[in-house]
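As the structure is a prediction and not an experimental result, all values here were calculated from the model. For ligands, and for the atoms within them, numbers begin at 1 and follow the listed sequence.
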Amino acid sequence: MEISSMNDTICAVSTPAGVGGIAVVRVSGPEAIEVCNSIWRGKSLLETPGNIARVGSLLDTSGEALDEAVALVFRAPRSFTGEDTVELSVHGSRWIQRETIASLVKHGARIAEPGEFTRRAFASGRLDLAQAEAVADMIAASSRASARVALNQMRGSISDKLDELRKKLVNLASLLELELDFGEEDVEFASREKLAEATGEITEEIRRLLTSFRSGAAIKDGIPVAIVGATNAGKSSLLNALTDDDRAIVSDIHGTTRDTIEETLEIGDYLFRLIDTAGLRETSDKIEQMGIERSRMAMSRAQIVLYVIDPTNFTELDLSALPQDADVLRIINKSDIYHDHAIDGIHISAKTGEGIESLRSILADIAARKTNEGEDTVLITNARHAAALEAALGSAETLLNGLQTALPSDLLAQDLRETLHHLSTITGKITTGEILNNIFQNFCIGK
Ligand SMILES: Nc1nc2c(ncn2[C@@H]2O[C@H](COP(=O)(O)OP(=O)(O)OP(=O)(O)O)[C@@H](O)[C@H]2O)c(=O)[nH]1
Ligand SMILES: [Mg+2]
């Protein structure tokens, strides 16, 4: 997308493709109100103030009445894009949608590129980059928790947090630059200890944000839950019971599941990704060995592990490959035929459904604990942000190291500038056209 094309008037259907009761056609740009008015019969849109809706008729390309519609007028800068914008609510037939767009194009609008409305909002300073990305997350949100995180980010939670960090860094920078100015005279204005202390705090904050990516990604994409255990323990039966589906094959043959099977599950506010795995045992079967390798891989990525045990045939397994912060639940299955509670764990029957409801609420509680570090905690959910924070952390650590080993201030200033630079790429204070293209191309048309 050329930057020069940011000054014309664009249009697109913003509601999903297909037939609906109503479709919304969005028009934005300097000529938005004029273009709409030229296909409009009713009270003039040119004289309509911002945030006011009008009812009227829309005209097709040949000037004949096409539909009765509502035009909602927004005047710059008080609109999503920051430009003059009109939202036309038309009846949602494919024909009317197509004709409306054709008519708008005939009168001077251009069909919008994917994400162009949001890109314009960014260009006009209505949103920063992290907020624009949150718009996409909001549209893709599939659980209350992911919508809540996206909403916070859209309202600027990450941006505020980063601003705070940037201010602290700029403050440090000015102290260092002051020292640089008087470098010749060998004066130390800022005590190195104080600077190191402040840098240490900033480094910690960047590290905390980076760590939150694990929970953040889990909220956005679903919390990975690996179902592991010996063959025939009832892992696939548990997957089916939790999802109330017959997705996985269940049989009394040991080694039934070969490949990992993934299903999403919504419990309360949270989305989970359940991963049923091949039973762990010694085997000479090549394919089963590959399956077991995948089981171990799923375990190493899991945040919750359901370790399923058949108490009628139990030997403890080696689960050493688990990540440190994973919660392991011992699930004692087959409670319908095994009534003794001698083995410690959560007793359930995947076959009769006994204990499944309480297992669900245990999962929801763990999810809440894992992801809710407090109402005002900022969570990182975006891989681009995590990569930038990683880079910022690297520079901040170098800076800290330099302060502790009495490196000259000009080198320190360089590390500091780099830390600032990486943080600034997140909100788009510093950015390249290429990064912008990547981000906005992932949006759909009309957003
Ligand atoms: N009585 C009883 N049988 C169960 C229960 N859960 C599973 N089974 C039986 O145990 C056998 C193995 O079940 P699966 O779910 O296939 O076990 P798995 O752990 O996935 O086994 P692999 O895929 O071979 O690793 C089947 O015959 C199931 O019907 C249960 O709660 N009670
Ligand atoms: Mg299985």
**Q** Can you tell me the protein heavy atom closest to atom 21 (O) of ligand 1 and the distance?
**A**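 Checked against all protein heavy atoms, atom 21 (O) of ligand 1 sits closest to N232 N, 3.0 Å.
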
**Q** Which residue holds the protein heavy atom closest to atom 6 (N) of ligand 1, what is that atom called, and what is the gap in Å?
**A**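 The answer is N333 ND2, 3.1 Å.
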
**Q** Which of the atoms in ligand 1, numbered in the order shown and given with their element, are less than 4.0 Å from a heavy-atom of H254?
**A**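 With H254 as reference, the close atoms of ligand 1 come out as 24 (O).
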
**Q** Quick one: nearest non-hydrogen protein atom to atom 9 (C) of ligand 1, plus distance?
**A**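 Checking every protein heavy atom, the shortest distance to atom 9 (C) of ligand 1 gives K334 NZ, 3.9 Å.
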
**Q** Would you check the N or O atoms of T231, main chain and side chain alike, for any that come under 3.5 Å of an N or O of ligand 1?
**A**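 No, there is no polar N/O contact under 3.5 Å.
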
**Q** Answer yes when R384 and E133 have at least one side-chain N-carboxylate O distance shorter than 4.0 Å, and no when they do not.
**A**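 Salt bridge flag = yes for E133 with R384.
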
**Q** Does this structure show an ion pair linking R247 with D276, if we count only N-O contacts that are shorter than 4.0 Å?
**A**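 Result for this pair is no, no salt bridge flagged.
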
**Q** Counting heavy atoms only, which of D276, V308, V250 is nearest atom 28 (C) of ligand 1?
**A**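 Selected option, by shortest heavy-atom distance: V250.
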
**Q** Going by distance only, is there an N or O of A278 that falls short of 3.5 Å from an N or O of ligand 1?
**A**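 No: no nitrogen or oxygen of A278 is under 3.5 Å from one in ligand 1.
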
**Q** Please indicate whether M297 has more than 12 foreign heavy atoms, meaning atoms of other residues, nucleotides or ligands, lying under 6.0 Å from its CE.
**A**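 Atom CE in M297 is not packed in, count stays at 12 or less.
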
**Q** Between D8 and R120, does at least one N-O distance fall below 4.0 Å, as a salt bridge requires?
**A**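 Answer for the salt bridge query: yes.
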
**Q** Which atoms of ligand 1 are found less than 4.0 Å from any heavy atom of G279?
**A**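 Those atoms are 25 (O).
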
**Q** Can you pull out the closest protein heavy atom to atom 30 (C) of ligand 1? Residue, atom name and distance to 0.1 Å, please.
**A**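 Answer for atom 30 (C) of ligand 1: K351 CB, 3.4 Å.
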
**Q** Just going by heavy-atom distances, which of D252, L238, T256, T257 is nearest to atom 24 (O) of ligand 1?
**A**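 Nearest option to atom 24 (O) of ligand 1, by heavy atoms: T256.
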
**Q** Crowded around D340 CG? As in, over 12 foreign heavy atoms under 6.0 Å?
**A**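 Yes - once you tally the heavy atoms of other residues, nucleotides and ligands closer than 6.0 Å, there are more than 12.
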
**Q** Is any N or O atom of I348, backbone or side chain, closer than 3.5 Å to an N or O atom of ligand 1?
**A**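 No, there is no polar N/O contact under 3.5 Å.
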
**Q** Determine, for E164 against K161, whether the closest basic-nitrogen to carboxylate-oxygen distance falls under 4.0 angstrom.
**A**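 Judged by the 4.0 Å cut-off on N to carboxylate O distance, E164 and K161 do form a salt bridge.
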
**Q** Counting from 1, what ligand 1 atoms have a heavy atom of I253 closer than 4.0 Å?
**A**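 Every atom of ligand 1 under 4.0 Å from some heavy atom of I253: 24 (O).
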
**Q** A quick test of your reading: do over 12 heavy atoms of other residues, nucleotides or ligands sit less than 6.0 Å from CD1 of I249?
**A**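 Not more than 12 within 6.0 Å, no.
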
**Q** Run the numbers for me: atoms of ligand 1, each under 4.0 Å from some heavy atom of S236, listed by number.
**A**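 In order of numbering, the contacting atoms are 15 (O), 18 (P), 20 (O).
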
**Q** Using heavy-atom distances only, which candidate in S237, G353, A233 approaches atom 14 (P) of ligand 1 most closely?
**A**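 Heavy atom nearest to atom 14 (P) of ligand 1 belongs to S237.
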
**Q** Name the closest protein heavy atom to atom 18 (P) of ligand 1, giving the residue it belongs to and the distance to 0.1 Å.
**A**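 Result for atom 18 (P) of ligand 1: K235 N, 3.4 Å.
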
**Q** At a 4.0 Å cut-off, with the gap strictly under it, does some heavy atom of N240 reach an atom of ligand 1?
**A**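 Distance cut 4.0 Å: N240 fails for ligand 1.
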
**Q** Flag the pair R119 and E113 as a salt bridge only when some basic side-chain nitrogen lies within less than 4.0 angstrom of an acidic carboxylate oxygen.
**A**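 No, R119 and E113 are not salt-bridged.
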
**Q** Given D336, I337, I227, which has its nearest heavy atom closest to atom 32 (N) of ligand 1?
**A**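 The option holding the nearest heavy atom is D336.
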
**Q** At what distance is the nearest protein heavy atom to atom 17 (O) of ligand 1, and which residue and atom is it?
**A**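 Looking at atom 17 (O) of ligand 1, the protein heavy atom closest to it is G234 N, 3.1 Å.
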
**Q** Looking at G255, which atoms of ligand 1 are within less than 4.0 Å of one of its heavy atoms?
**A**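 Every atom of ligand 1 under 4.0 Å from some heavy atom of G255: 24 (O).
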
**Q** Can a salt bridge be assigned to the pair E357 and R360 using a cut-off of 4.0 Å between side-chain N and carboxylate O?
**A**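 A salt bridge is present here (some side-chain N lies under 4.0 Å from a carboxylate O).
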
**Q** Are the side chain of S124 and the backbone N or O of T81 linked by a donor-acceptor pair below 3.5 Å?
**A**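 Judged by distance alone, yes, a pair lies under 3.5 Å.
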
**Q** Can you tell if the side chain of K220 reaches within under 4.5 Å of the side chain of V149, non-hydrogen atoms only?
**A**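 No, their side chains stay 4.5 Å or more apart.
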
**Q** Any salt bridge linking E116 with R26? Criterion: basic side-chain nitrogen under 4.0 Å from a carboxylate oxygen.
**A**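 Result for this pair is no, no salt bridge flagged.
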
**Q** Can we say K194 and E197 salt-bridge, meaning some charged N sits less than 4.0 Å from an Asp/Glu carboxylate O?
**A**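 No salt bridge links K194 with E197.
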
**Q** Where on S251 is there a heavy atom closer than 4.0 Å to ligand 1, on the side chain, on the backbone, on both, or on neither?
**A**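 Backbone only.
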
**Q** Given OG1 of T257 on one side and OG of S236 on the other, what angle do they make at the Mg ion (ligand 2), to 10°?
**A**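 About 90° at the Mg ion (ligand 2).
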
